[in-house]
Amino acid sequence: MTLYFLPPYSPELNRIKKLWHLMKYTWVSAKCRDSETLEADVGDILDNFGSKYKFNFGRI
C-alpha cells in the first residue's frame, strides 16, 4: 500500500471530483429539467459508463 498525503482540500488531485466535473459540464447538457429528467440523464451515464462515456482516472 502506498499512502499519498494530500493538502486538506485539493480537488485537482481528487479523481471523483474530476469525474463529476466532466459529467456536469460535458456529458449532461445545460438545460432546464425536472428531477425525473435529471435522474434519467445521470442513470444513462451510469448505465453506459465505460462504453459510451469514458474517463481515464490515471495515476496521481
Side-chain angles (χ1 to χ4, degrees):
M1 178 182 349
T2 302
L3 297 176
Y4 294 99
F5 294 95
L6 303 176
Y9 181 71
S10 55
E12 68 280 356
L13 299 177
N14 189 339
R15 294 174 183 155
I16 196 67
K17 293 267 189 190
K18 291 181 180 183
L19 175 61
W20 284 116
H21 184 273
L22 184 63
M23 275 181 73
K24 184 177 179 181
Y25 294 105
T26 304
W27 296 339
V28 177
S29 61
K31 61 182 176 182
C32 183
R33 62 172 65 84
D34 55 16
S35 61
E36 292 83 18
T37 306
L38 178 60
E39 188 174 329
D41 289 346
V42 172
D44 177 58
I45 292 171
L46 295 176
D47 290 341
N48 295 297
F49 188 77
S51 57
K52 182 178 176 184
Y53 302 100
K54 297 181 188 274
F55 180 73
N56 182 5
F57 284 94
R59 293 193 56 135
I60 295 178

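Given the structure is predicted, the values throughout are model-derived calculations rather than measurements. These numbers come from the heavy atoms of this one structure, side chains and all, not from hydrogens, waters or symmetry mates.
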Query - Check: Thr37 main-chain N/O paired with Asp34 side-chain donor or acceptor under 3.5 Å - result: yes
Query raised in the report: Taking atom NZ of Lys54 and atom CG of Asn48, what is their separation to the nearest 0.5 Å?
Result: 10.5 Å
Report summary line: With sequence neighbours left out, the residues meeting side-chain contact (heavy atoms from CB on, under 4.5 Å) with Lys24 are none
Query raised in the report: Could you go step by step and tell me if Val42 and Ile45 meet the side chain to side chain contact (heavy atoms under 4.5 Å, CB included) rule?
Result: CA-CA 5 Å; Val42 172; Ile45 292 171; 5.5 Å; no
Report task. Over 60° means perpendicular and under 30° means parallel, so classify the ring planes of Phe49 and Trp27, tilted if in between. Result -> perpendicular
Query - Connected via hydrophobic side-chain network under 4.5 Å: Leu46 and Tyr25 - result: no
Query - Atom pair CG (Leu22) and CG (Leu19), whose distance is rounded to the nearest 0.5 Å - result: 6.5 Å
Query raised in the report: Which atoms form the tightest heavy-atom contact between Tyr53 and Asp44, and what is the distance?
Result: OH-OD2, 2.9 Å
Query - ring-ring contact (aromatic ring centres under 6.0 Å, His included) partners for Phe55, two or more places apart - result: Phe57
Query raised in the report: Asp41: what forms a side-chain hydrogen bond (donor to acceptor under 3.5 Å, both in side chains) with it, not counting sequence neighbours?
Result: Arg33
